[in-house]
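Reading through the structure tokens given below for one structure.
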2 protein chains.
Amino acid sequence: MADEESQPQIRTTSEAWESLFRTQVAVMRRMQQLPEFKKLAMREYDVLFNLSHCPTGWTRLNELNEALLISQPSLSRMVERLEAKGLVQRRTAERDQRGIEIALTEEGRALQQEIGRVHVRHLHEMLAPALSEEEFKQLQFLTEKLRTGIKDR
Amino acid sequence: MADEESQPQIRTTSEAWESLFRTQVAVMRRMQQLPEFKKLAMREYDVLFNLSHCPTGWTRLNELNEALLISQPSLSRMVERLEAKGLVQRRTAERDQRGIEIALTEEGRALQQEIGRVHVRHLHEMLAPALSEEEFKQLQFLTEKLRTGIKDR
DNA sequence: TCAGTTTACATGCTTTTGCATCTACTGACA
DNA sequence: TGTCAGTAGATGCAAAAGCATGTAAACTGA
């Protein structure tokens with residue numbers, strides 16, 4: 001009871017999660033309606049965003065899939081559509097002939113940056129009034145710690 | 001610069017949001033695969049969950065829609081399906097003949113509780129190792145403050 | 001009080017999603 | 001080195017989602 005690092009109560013974890021989840025829904029709902037997502041659905045932007053953050057530029061399809069909530073077949077087809085739109089390119093992985101690697105095209109990178117800039121600004125306008133600089137940093141710290149500490153399986 | 005409650009930097013807000021969002025994705029991906037969501041898709045459970053938290057039992061469709069990320073027509077049809085499964089019931093709102101109110105049926109409430117119990121336990125197993133009791137409470141505090149402080153429009 | 005606007009939900013139609021399954025390749029082990 | 005389980009992604013098909021629009025009720029303001 002007097003431990004500094006006491007094991008959390010089941011109620012505490014579930015309430016914290018529920019609050020985090022509800023907050024995510026509230027923010028996403030507002031963002032979905034913003035004009036930057038008329039050009040490209042948010043899920044598709046999310047793919048471009050993830051690709052833009054990959055150091056080598058190329059990402060394995062299965063790896064990308066882990067950062068998204070859609071199923072493997074859905075991603076497979078979404079990439080197909082993004083390729084048809086000229087936003088991403090694909091190639092078979094060199095070291096594994098089963099695998100596919102994808103990357104942004106020039107056009108895809110440009111679109112991601114264009115949407116990204118506006119998006120970040122809207123996000124800031126929406127969220128900044130709610131917390132102080134210090135509180136946002138705490139929030140980032142806690143969510144990162146939570147994410148890296150999740151028990152697998 | 002020396003303010004205790006300094007306005008957050010644009011970088012700080014977007015990094016905090018990205019971290020929160022990625023954490024949500026990481027948790028949701030793991031949860032989606034858990035056996036409790038074989039019976040009922042997570043989005044459908046989410047509807048039952050929201051209904052279970054309504055004090056009067058009955059909720060307006062448009063009000064419920066605000067707590068979800070799906071579109072109004074999608075919710076309309078989801079409720080139709082949930083009604084067909086016997087999990088929810090609907091009636092026209094008394095004070096507004098345009099409106100629909102829905103509530104859980106006995107069966108719906110039972111199923112929500114059944115899934116909810118397992119779900120909360122799995123959530124706890126997954127998340128508890130990552131943060132302390134105090135940190136979860138901070139996380140809850142910050143996400144609640146963020147949610148209530150979001151600027152509308 | 002009544003024309004015009006707005007709001008709440010339903011519906012037609014297309015696109016996207018997911019499940020189950022298939023194919024092709026890899027890696028491990030005998 | 002050949003068999004066999006496991007993995008990566010594609011594909012057929014049914015379910016669900018979204019967009020545009022329809023209908024009906026509720027406000028609004030001359």
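By convention in this document, chain letters (A, B, ...) are assigned in the order of the sequence lines, proteins followed by strands, and residues within each chain are numbered from 1.
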Can you list the steps and then say if B/N62 with B/Q72 is a side-chain contact (heavy atoms from CB on, under 4.5 Å)? CA-CA 8 Å; B/N62 58 351; B/Q72 175 269 314; over 6 Å; no
Take A/S19 and B/Q140 through the side chain to side chain donor-acceptor pair (under 3.5 Å) test and state the conclusion after the steps. CA-CA 6 Å; A/S19 181; B/Q140 183 179 350; 5.5 Å; no
Atom CZ of B/R90 to atom P of C/dA8: distance rounded to whole Å? 16 Å
Might you work through the side chain to side chain donor-acceptor pair (under 3.5 Å) test for A/T12 and B/E133, ending with a clear yes or no? CA-CA 7 Å; A/T12 310; B/E133 170 88 7; 2.9 Å; yes
Name all residues meeting the salt bridge (Lys or Arg N to Asp or Glu O under 4.0 Å) criterion together with B/E114; count only those two or more places apart in sequence or in a different chain, and write none if there are none. B/K39
Going 5' to 3' on DNA chain D, which nucleotide is the first and which the last to come under 4.0 Å of a heavy atom in chain B? D/dA16 to D/dA26
Between B/H124 and B/R121, is any pair of side-chain heavy atoms under 4.5 Å apart? no
Residues in residues 36-70 of chain A with a heavy atom under 4.0 Å of DNA chain D, by number, are A/R60, A/L61, A/N62
Any side-chain heavy atom of B/V88 within less than 4.5 Å of one from B/L51? yes
Mind grabbing the angle between the end helix axes of the helix from C/dT1-D/dA30 to C/dA30-D/dT1? Five pairs an end, 10° rounding. 30°
By nearest-heavy-atom nucleotide on DNA chain D, the more 5' of A/S74 and B/L75 is A/S74
In sequence, state the C-alpha distance, the side-chain angles, and the governing distance for A/E107 and A/K85, and then conclude on salt bridge (charged side-chain N to carboxylate O under 4.0 Å, His left out). CA-CA 9 Å; A/E107 194 186 345; A/K85 287 185 190 173; over 6 Å; no
Look at atom CZ of B/R11 and say whether more than 12 heavy atoms of other residues, nucleotides or ligands are closer to it than 6.0 Å. no
Any chain of hydrophobic side-chain contacts (each under 4.5 Å) joining A/I10 to B/M31? no
Classify the nucleic acid contact of B/R77 as base, sugar-phosphate or nothing, counting any heavy atom under 4.0 Å across all strands shown. base
Same cluster or not: A/V118 versus A/F49, using hydrophobic residues (I, L, V, M, F, W, Y) connected whenever any side-chain heavy atoms lie under 4.5 Å apart? no
Nucleotides 20-26 of chain C: which of its N/O atoms have a protein N/O under 3.5 Å away?
residue, atom, partner, partner atom, Å
C/dT26, OP1, A/Q97, N, 3.2

With B/H119 via ring-ring contact (aromatic ring centres under 6.0 Å, His included) - residues at least two apart: B/F37, B/Y45
Give the cluster check for B/L69 versus B/I150: same hydrophobic cluster or not, with ILVMFWY residues linked at side-chain heavy-atom distances below 4.5 Å. yes
Identify whether the distance between the nearest side-chain nitrogen and carboxylate oxygen of A/R60 and A/E101 falls below 4.0 Å. no
